[in-house]
Amino acid sequence: MSHTIFPSIDPAAHLARVREHAPLIHNITNLVAMNTMANVLLAIGASPAMVHAREEAAEFTAIADALTVNIGTLSPHWVEAMIEAAEAARLMGKPWVLDPVAVGATAYRRETGARLLERLPTVIRGNASEIIALEARGAGGRGVDSNDPAEAAEQAAIRLARRIGCVVAVTGEVDLVTDGRRLAYVHGGHPLMPRVTTLGCSLTGVVAAFLVGAEDSFEATVAALACYATAGELAGESARGPGSFAVAFLDALYALDNETLRGRLRLELTDAT
């Protein structure tokens with residue numbers, strides 16, 4: 001498969017839109033991720049909210065600009081809140097992002113993932129093992145750690161995007177994004193990123209922020225991943241380990257500017273086959 005440089009996506013323009021409008025992102029995320037996700041969204045220029053009670057989740061979706069649903073720490077009450085919020089987002093035409101954490105690990109996760117897919121997420125973001133399991137509707141993956149590189153999920157991601165009519169983002173050493181027609185590869189990041197818990201979960205919120213007001217969900221998702229990868233690359237240049245990386249990463253997100261993004265951008269695009 002031949003790759004061509006894809007110059008038309010400008011992550012800096014997408015980032016400027018996020019910072020100008022500071023979209024309110026409603027996150028039904030896992031217990032481990034809440035604090036990191038809130039800080040990451042604030043650093044990028046968005047406004048986070050963590051609202052997970054079933055009694056108000058759907059109502060709050062009407063207030064927010066976008067929704068994220070992360071199945072990392074499931075419970076029956078939270079699952080119903082997720083379903084109702086996702087359904088509200090679908091009915092109101094608001095973007096929402098599904099993060100199918102460890103979806104292949106248990107029957108409960110597989111059932112929840114299937115129910116959420118019926119609410120037609122705008123974007124699905126996960127690691128390769130999660131995307132393979134979600135697309136196959138079967139078991140796979142022991143948890144949040146991916147046993148597969150992103151490219152191993154390429155065909156599963158394309159099939160899933162076509163079946164649901166959404167964008168699928170597979171994160172790994174090289175990120176992959178597809179809408180079933182186009183396929184983008186996002187280079188960057190740093191090996192310390194998987195050593196800091198919930199950075200992947202937090203990326204789901206950033207994707208949601210970039211979707212708000214975007215004309216093209218595929219391009220917005222690619223832009224979000226490119227900004228994240230660039231911040232990771234920058235943070236890795238000064239970090240001495242996972243602890244200092246976490247701090248440096250927030251600072252790098254906050255400091256991202258046009259010159260840095262355009263100077264470090266490494267994207268490839270090809271047709272999905």
Side-chain angles (χ1 to χ4, degrees), residues 9-20 22-23 25 27 29-30 32-48 50 68 70 72 97 99 101 123 125-128 130 144-146 149-151 169-177 184-211 220-268:
I9 295 178
D10 183 2
H14 288 269
L15 177 60
R17 186 183 67 253
V18 171
R19 288 174 170 169
E20 179 182 357
I25 309 303
N27 305 287
T29 192
N30 67 72
V32 184
M34 289 185 184
N35 186 68
T36 305
M37 193 172 191
N39 283 329
V40 163
L41 282 168
L42 289 169
I44 204 73
S47 180
M50 280 46 183
T68 75
N70 176 305
V97 185
D99 193 337
V101 176
V123 177
R125 191 221 63 83
N127 64 39
E130 292 160 351
V144 298
D145 301 326
S146 177
E151 59 265 26
V170 189
T171 50
E173 186 174 345
V174 177
D175 298 334
L176 179 157
V177 183
Y185 298 88
V186 182
H187 299 265
H190 192 272
L192 280 174
M193 293 181 82
R195 298 291 182 177
V196 180
T197 188
T198 67
L199 280 192
C201 300
S202 301
L203 172 56
T204 298
V206 172
V207 171
F210 275 61
L211 290 173
T221 302
V222 172
L225 268 61
C227 288
Y228 219 69
T230 300
E233 194 171 71
L234 289 167
E237 293 175 357
S238 61
R240 301 182 303 279
S244 56
F245 182 89
V247 175
F249 181 72
L250 285 177
D251 289 346
L253 278 177
Y254 181 77
L256 280 179
D257 57 28
N258 293 0
E259 183 178 356
T260 301
L261 281 169
R262 288 166 181 160
R264 290 177 177 261
L265 185 63
R266 286 178 289 153
L267 299 179
E268 296 175 283

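None of the values given here were measured: they were computed from a predicted structure.
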Measuring from Leu41:CG to Thr68:OG1, what's the distance to the nearest 0.5 Å? 8.0 Å
Closest heavy-atom contact between Val18 and Ala46? CG1-N, 4.3 Å
Please tell me if the side chains of Arg262 and Asp10 come closer than 4.5 Å, counting only heavy atoms from C-beta onward. yes
In this structure, CG of Leu250 is separated from CG of Leu42 (nearest 0.5 Å) by 9.5 Å
Within this structure, what is the CE-CD1 distance for the pair Met50 and Ile25, rounded to the nearest 0.5 Å? 10.5 Å
Measure across Leu261 and Ala12 and return the closest heavy-atom pair with its distance rounded to 0.1 Å. CD1-CA, 3.7 Å
Got a second to check how far Met37's CE is from Leu203's CG, nearest 0.5 Å? 9.0 Å
Using the rule given for side-chain contact (heavy atoms from CB on, under 4.5 Å), can you reason through Val196 versus Phe249, listing the C-alpha separation, both sets of side-chain angles and the distance that settles it, and then say yes or no? CA-CA 10 Å; Val196 180; Phe249 181 72; over 6 Å; no
Does Leu256 reach the side chain of Arg19, with side-chain heavy atoms less than 4.5 Å apart? yes
Which heavy atom of Cys227 sits nearest a heavy atom of Leu15, and at what distance? SG-CB, 4.2 Å
Using a 4.5 Å cut-off on heavy atoms from C-beta on, say whether the side chain of Pro11 contacts that of Leu265. yes
How far does CD of Glu233 sit from OG1 of Thr260, to the nearest 0.5 angstrom? 10.5 Å
Listed by chain and number, what are the salt bridge (charged side-chain N to carboxylate O under 4.0 Å, His left out) partners of Arg195, not counting sequence neighbours? none
Taking the side chain from Ser244 and the backbone from Gly241, do they hold a donor-acceptor pair closer than 3.5 Å? yes
For side-chain contact (heavy atoms from CB on, under 4.5 Å), just list the numbers for Val40 and Thr198, CA-CA rounded to whole Å, side-chain angles, deciding distance to a tenth of an Å, and then say yes or no. CA-CA 10 Å; Val40 163; Thr198 67; over 6 Å; no
Rounded to the nearest 0.5 Å, the CG atom of Asp175 sits from the CG atom of Leu225 at a distance of 4.5 Å
Between Asn30 and Cys201, is a side-chain contact (heavy atoms from CB on, under 4.5 Å) present by the stated rule, with each step listed? CA-CA 8 Å; Asn30 67 72; Cys201 300; 3.5 Å; yes
Would you name the heavy atoms of Ala209 and Pro23 that are closest together and state the gap between them? O-CG, 3.8 Å
Just so I know, are the side chains of Asn27 and Asn70 near enough to count as touching, which here means a heavy-atom distance under 4.5 Å? no
Between Pro242 and Leu192, is any pair of side-chain heavy atoms under 4.5 Å apart? yes
Test Val123 against Phe210 for side-chain contact (heavy atoms from CB on, under 4.5 Å), laying out the working first. CA-CA 11 Å; Val123 177; Phe210 275 61; over 6 Å; no
Do Val186 and Tyr228 touch side chain to side chain, with heavy atoms closer than 4.5 Å? no
Can you sort out the partners of Glu237 under salt bridge (charged side-chain N to carboxylate O under 4.0 Å, His left out), two or more places apart, ordered by chain and number? Arg264
Looking at Gly200, is its backbone amide N or carbonyl O close enough to the side chain of Arg125 to form a donor-acceptor pair, meaning the two atoms are under 3.5 Å apart? yes
